[in-house]
Amino acid sequence: MCGRTSCHLPKDVLARACAYRDRQGRQRLPEWKDPDKYCPSYNKSPQSSSPGADSSERIIAPMRWGLVPSWFKESDPSKLPFNITNCRSDTMMEKRSFKVPLGKGRRCVVLADGFYEWQRCQVTSERQPYFIYFPQAKTEKSGSIGAVDSSEYWEKVWDNWRLLTMAGIFDCWESPEGDLLYSYTIITVDSCKSLNDIHPRMPAILDGEEEVSKWLNFGEVSTQEALKLIHPTENITFHPVSSVVNNSRNNTPKCLAPVNLLVKKDLKASGSSQKMMKWLATKSPKKEESKTPQKAESDVPQWSSQFLQKSPFPTKRGSAGLLERWLKQEKEEEPVAKRPHSQYQGL
C-alpha cells in the first residue's frame, strides 16, 4: 500500500486544481517542469510517471513512482534490488534511502484523483477493489485582485474535484551519461478506522492547504516539525469499483466508476458519490434528464461511499423452505435438466 492511483486530468486542468496563495496572499497556479513527460491515466502503477509538487514556489513535475536513491551506482535504475514504491513512516528515519533525501529537504506532494486498494474476501480469497479519495464538496470560486485574480480568469479554476494530496519523498539520480531521473516514494501510515477493514496501511494524506504548505516549505519547516504532519486521517471516503482496475494496462474511466456489490436493499448515494457520478458523466445531467428521465434515474448505481461488503453470497434460506420446494419439485413431471435456461440466468 499504496500500489495504484488515478490521475487523469490534463496538464492545464491539473494546474488549476493545484491553485494556491503565495506569501503575499495572491492566488497563483504552479508552474510545470517537463510537462511533456506527464501521462494522464486512470490506472497508474509503480514506475509510471506521476505528478508531484515541491518547494514554496509551487512546481508540478512528472516523477518516476519508485524512488531511485541518488547514491545508487548501477547504470540502469531497474536493477535496484529493492522496491521503494512506499516507505513506512515508523522506520523511514532509520533507512538511508529516505533519511538522506529528507535531510536535503526533498519533500514532495504526490497528486492523484485517489488511490486503489483491494479487500480480500476470507471465504473465497477473491479481492474486491475500492477507489479511495477525499470527500467532495462544492467550493466557492475565489474573489478578484488584479488581472490574474479577475473573475474571468478564475472562472476557469478547477472546481469539480478535490485532488488527493499524499506526502512523499523524492530524490534525483544521475545516470553515467549525465541524464537526471527524478523519482519519489509515498509515505504510509497505519490505516484509519474506516479503512482498516480494507487494508492495514494507507498513504500519509496532507489534509488542507496549511498542511501542504508546511510539508513543502523545507526552507522554514524542519524535518522533525514536518514529520508531525504524518499520521492517519479519517477525512476519507471510498466506494467499490470493477475488477477492470486489476490489470494496470486498463486505462479507462471504468477503473474508478462505482459498482453495485449485489446488495439486496437499495443504498442511498452520499454527496461525494453523487458528485463522482456527475464527474464521470460524459453529458450534462440536464440533457440526460430531458431525453430519458426514467432511464437516467434507473441507471444510477445505488451504493454507499463507505460501504464494505462483508459477504458476496446471498442470504441463506430456511431449511423448511428448501424442503417444501424439494417436495414440490418431486411432483413435477418435467426433469430439472430440461427446464428453460432462462430460469437460471443471473445465478
Side-chain angles (χ1 to χ4, degrees), residues 1-7 33-34 37-39 41 43-54 61-112 115-120 125 127 129 132 164-191 198-206 215 218 223-224 226-227 230-232 245-251:
M1 170 352 67
C2 159
R4 205 78 66 80
T5 65
S6 168
C7 191
K33 179 180 180 181
D34 298 328
K37 295 181 180 179
Y38 169 60
C39 299
S41 174
N43 197 356
K44 284 186 173 290
S45 59
Q47 297 189 14
S48 63
S49 181
S50 301
D54 69 87
M63 294 189 286
R64 179 187 187 269
W65 185 4
L67 190 138
V68 179
S70 57
W71 44 263
F72 184 59
K73 300 301 182 183
E74 294 286 346
S75 59
D76 185 358
S78 64
K79 294 181 179 179
L80 194 67
F82 38 85
N83 182 2
I84 317 184
T85 301
N86 301 146
C87 70
R88 294 180 62 98
S89 60
D90 51 344
T91 60
M92 63 182 176
M93 294 305 293
E94 303 171 5
K95 298 183 178 181
R96 183 186 177 194
S97 299
F98 311 133
K99 186 176 181 179
V100 172
L102 275 174
K104 297 178 181 179
R106 293 182 172 177
R107 308 193 298 254
C108 67
V109 175
V110 181
L111 305 172
F115 69 97
Y116 301 98
E117 194 53 82
W118 283 257
Q119 180 192 38
R120 186 176 295 278
S125 295
R127 299 195 306 162
I132 305 167
L164 197 66
T165 45
M166 300 175 283
I169 303 169
F170 75 95
D171 210 343
C172 181
W173 174 80
E174 184 175 356
S175 70
E177 295 76 24
D179 297 324
L180 299 180
L181 174 65
Y182 286 87
S183 59
Y184 71 92
T185 183
I186 296 176
I187 301 174
T188 65
V189 295
D190 291 335
S191 281
I198 299 179
H199 198 277
R201 305 288 294 178
M202 69 180 294
I205 295 171
L206 302 166
W215 181 253
F218 57 86
T223 300
Q224 294 301 324
L227 290 180
I230 305 302
H231 53 75
V245 74
N246 294 353
N247 190 332
S248 61
R249 290 177 299 210
N250 292 333
N251 180 14

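Every heavy atom of this structure was used, including side-chain atoms; hydrogens, water molecules and symmetry mates were not. Positions are given from 1, in the same order as the sequence printed here.
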Any donor-acceptor N/O pair, [X] side chain to [Y] backbone, under 3.5 Å:
X: Asp171; Y: Pro69; answer: no
X: Ser89; Y: Val189; answer: no
X: Lys44; Y: Cys39; answer: yes

Looking only at heavy atoms, what is the nearest atom pair of [X] and [Y], with distance?
X: Cys7; Y: Leu111; result: SG-O, 3.9 Å
X: Leu164; Y: Ile132; result: CD2-O, 4.2 Å
X: Glu74; Y: Trp173; result: O-CZ2, 3.1 Å
X: Cys87; Y: Ile169; result: SG-CD1, 3.9 Å

For Lys33, the side chain to side chain donor-acceptor pair (under 3.5 Å) test, sequence neighbours excluded, returns Tyr182
Pairwise distance [atom1]([X]) to [atom2]([Y]) - rounded to 0.5 angstrom:
X: Met166; Y: Thr185; atom1: CE; atom2: OG1; value: 11.0 Å
X: Asp90; Y: Ile230; atom1: CG; atom2: CD1; value: 12.0 Å
X: Asp190; Y: Arg201; atom1: CG; atom2: CZ; value: 5.0 Å
X: His231; Y: Ile205; atom1: NE2; atom2: CD1; value: 10.5 Å

- Task: Look at the rings of Trp65 and Tyr184 and say which category their plane angle falls in: under 30° parallel, 30 to 60° tilted, over 60° perpendicular.
- Result: parallel
Q | Validation row: Tyr116, Ser45 side chains within 4.5 angstrom (heavy atoms) | A | no
Contacts of Ser75 meeting side chain to side chain contact (heavy atoms under 4.5 Å, CB included) (sequence neighbours excluded), chain-then-number -> Pro176
- Go through the steps for Glu117 and Ser191 under the test side chain to side chain contact (heavy atoms under 4.5 Å, CB included), then give the verdict. CA-CA 12 Å; Glu117 194 53 82; Ser191 281; over 6 Å; no
